[in-house]
*Asks:* 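Starting off with a structure, shown below.
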2 protein chains.
Amino acid sequence: MVRMTARPLVTAPAGAAPGRMLAHPAPADIRLTDVLHALSDPVRLTVVRALAGARTELTCSDVPLPVTKSTTTHHYRVLREAGVITQIYRGTSKMNALRRDDLDRLFPGLLDSVLAAADAQARRMGER
Amino acid sequence: MVRMTARPLVTAPAGAAPGRMLAHPAPADIRLTDVLHALSDPVRLTVVRALAGARTELTCSDVPLPVTKSTTTHHYRVLREAGVITQIYRGTSKMNALRRDDLDRLFPGLLDSVLAAADAQARRMGER
DNA sequence: GGCGTAGTTTGACAGATACCGTACTACGGC
DNA sequence: GCCGTAGTACGGTATCTGTCAAACTACGCC
């Protein structure tokens, strides 16, 4: 049984100022209910689906969302704090990526089943 | 492509009064975000896990919860309205069951992966 | 340095939510 | 009919949540 690190993760570019550091929950602190809640919002589900389909990290503005920039900031923050994504500043942008490895290790199959469910839902909505 | 029924489902014992009828969303009206939200609450997740583990329907009070009866009523209602469970009155009680068939048809694998994730989380919390 | 852009902070708002307590309804058994 | 129990409606509370607007910070480019 491997004990997972319990220290919060911080991402920051080299030589970054404090305002450019982003705290993330350690894997051991990621809670299923927080993850499910983060994924239960339509806007955030759109973000996660986009990240899942991308070959690389995406900036916040790479994903068109039907809300303002400040609300976008809020949503990405929820995802980060729930442990669903990592974020790191790069220049004026912020790169986002799914914490696939962590999520798959903690909750095997969950992320993929949610993504598949979202695809199914979108298909159903699209054809109605 | 089979079009699913769009009419809300109503459960009621034979010859029941209106107050004993319970409306449920039709399968086509079940939304992934509503399901995920319903499952994202610790109390409701406890209910769902108990229902999943039971061989038969359970009454509301069969599942010990750390909240009052009125809050219990609220939680079961959220689950029903999200399409996660069915409820039907039987005498003074209300029988609850997971809508496994509907959920598996709409979102294949989702319920099982959430249940497995909840098991994993509980194991982790139990051993910490 | 100025400018434009990505993203943030702050405050506000309206609505939702989990929770409780109280009084109530409906039922089943005696 | 009475009693006990399962569950509900209602009102209230405190908190949360998604959203916006406005002002702001940080960066990269010229």
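Computation of the quantities below employed the complete heavy-atom set of this structure, encompassing side-chain atoms and omitting hydrogens, waters and symmetry-equivalent molecules. A, B, ... follow the sequence lines: proteins, then strands. Residue 1 opens every chain.
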*Asks:* If each of B:Thr92 and A:Asp62 is mapped to the nucleotide of DNA chain C with the nearest heavy atom, which maps nearer the 5' terminus, i.e. the 5' end?
*Replies:* A:Asp62
*Asks:* Between B:Asp34 (CG) and D:dG18 (P), how many Å, whole number?
*Replies:* 13 Å
*Asks:* Does the C:dG21 base have a donor-acceptor partner in the side chain of B:Ser70 within less than 3.5 Å?
*Replies:* yes
*Asks:* Flag the pair B:Lys69 / B:Cys60 as yes when at least one side-chain heavy-atom distance between them is below 4.5 Å, and no otherwise.
*Replies:* no
*Asks:* Is B:His75 close enough to C:dC19 that one of its side-chain N or O atoms is under 4.0 Å from OP1 or OP2 there?
*Replies:* yes
*Asks:* B:Tyr89 near the nucleic acid: base, sugar-phosphate alone, or nothing, with a heavy-atom cut-off under 4.0 Å?
*Replies:* sugar-phosphate
*Asks:* Under 4.0 Å between a side-chain N/O of B:Arg77 and OP1 or OP2 of D:dG7, yes or no?
*Replies:* no
*Asks:* Less than 4.0 angstrom between a side-chain N/O of B:Thr71 and OP1 or OP2 of C:dC20, yes or no?
*Replies:* yes
*Asks:* Given C:dA18, is OP1 or OP2 found less than 4.0 Å from the side-chain N or O atoms of B:Arg44?
*Replies:* yes
*Asks:* Looking at A:Gln121 and B:Leu32, would you say the former's side chain and the latter's main chain have a donor-acceptor pair under 3.5 Å?
*Replies:* yes
*Asks:* Under 4.0 Å, counting only non-hydrogen atoms across every strand here, what does A:Thr72 touch: a base, just sugar-phosphate, or nothing?
*Replies:* nothing
*Asks:* If you check the A:Val43 side chain, which of C:dC20, C:dA26, D:dT19 turns out closest?
*Replies:* D:dT19
*Asks:* If you pin A:Arg90 and A:Pro66 to their nearest nucleotides in DNA chain D, which one's is more 5'?
*Replies:* A:Pro66
*Asks:* Under 4.0 Å: is that the gap between some side-chain N or O of A:Ser93 and OP1 or OP2 of C:dT5?
*Replies:* no
*Asks:* Does the B:Arg80 side chain pair with the main chain of B:Ala23, one donor and one acceptor, at a distance under 3.5 Å?
*Replies:* yes
*Asks:* Report yes if a side-chain nitrogen or oxygen of A:His37 is closer than 4.0 Å to either non-bridging phosphate oxygen (OP1 or OP2) of D:dC16; otherwise report no.
*Replies:* no
*Asks:* Could you pick out which residue, B:Val78 or A:Thr73, lies toward the 5' side of DNA chain C when each is mapped onto its nearest nucleotide?
*Replies:* A:Thr73
*Asks:* Are B:Asp102 and B:Arg99 ion-paired here, with the side-chain N under 4.0 Å from a carboxylate O?
*Replies:* yes
*Asks:* Is the backbone N or O of A:Arg90 less than 3.5 Å from a side-chain atom of A:Arg20, with the two atoms forming a donor-acceptor pair by type?
*Replies:* no
*Asks:* Looking only at side-chain N and O atoms, does A:Thr68 come under 4.0 Å of OP1 or OP2 in D:dC20?
*Replies:* yes
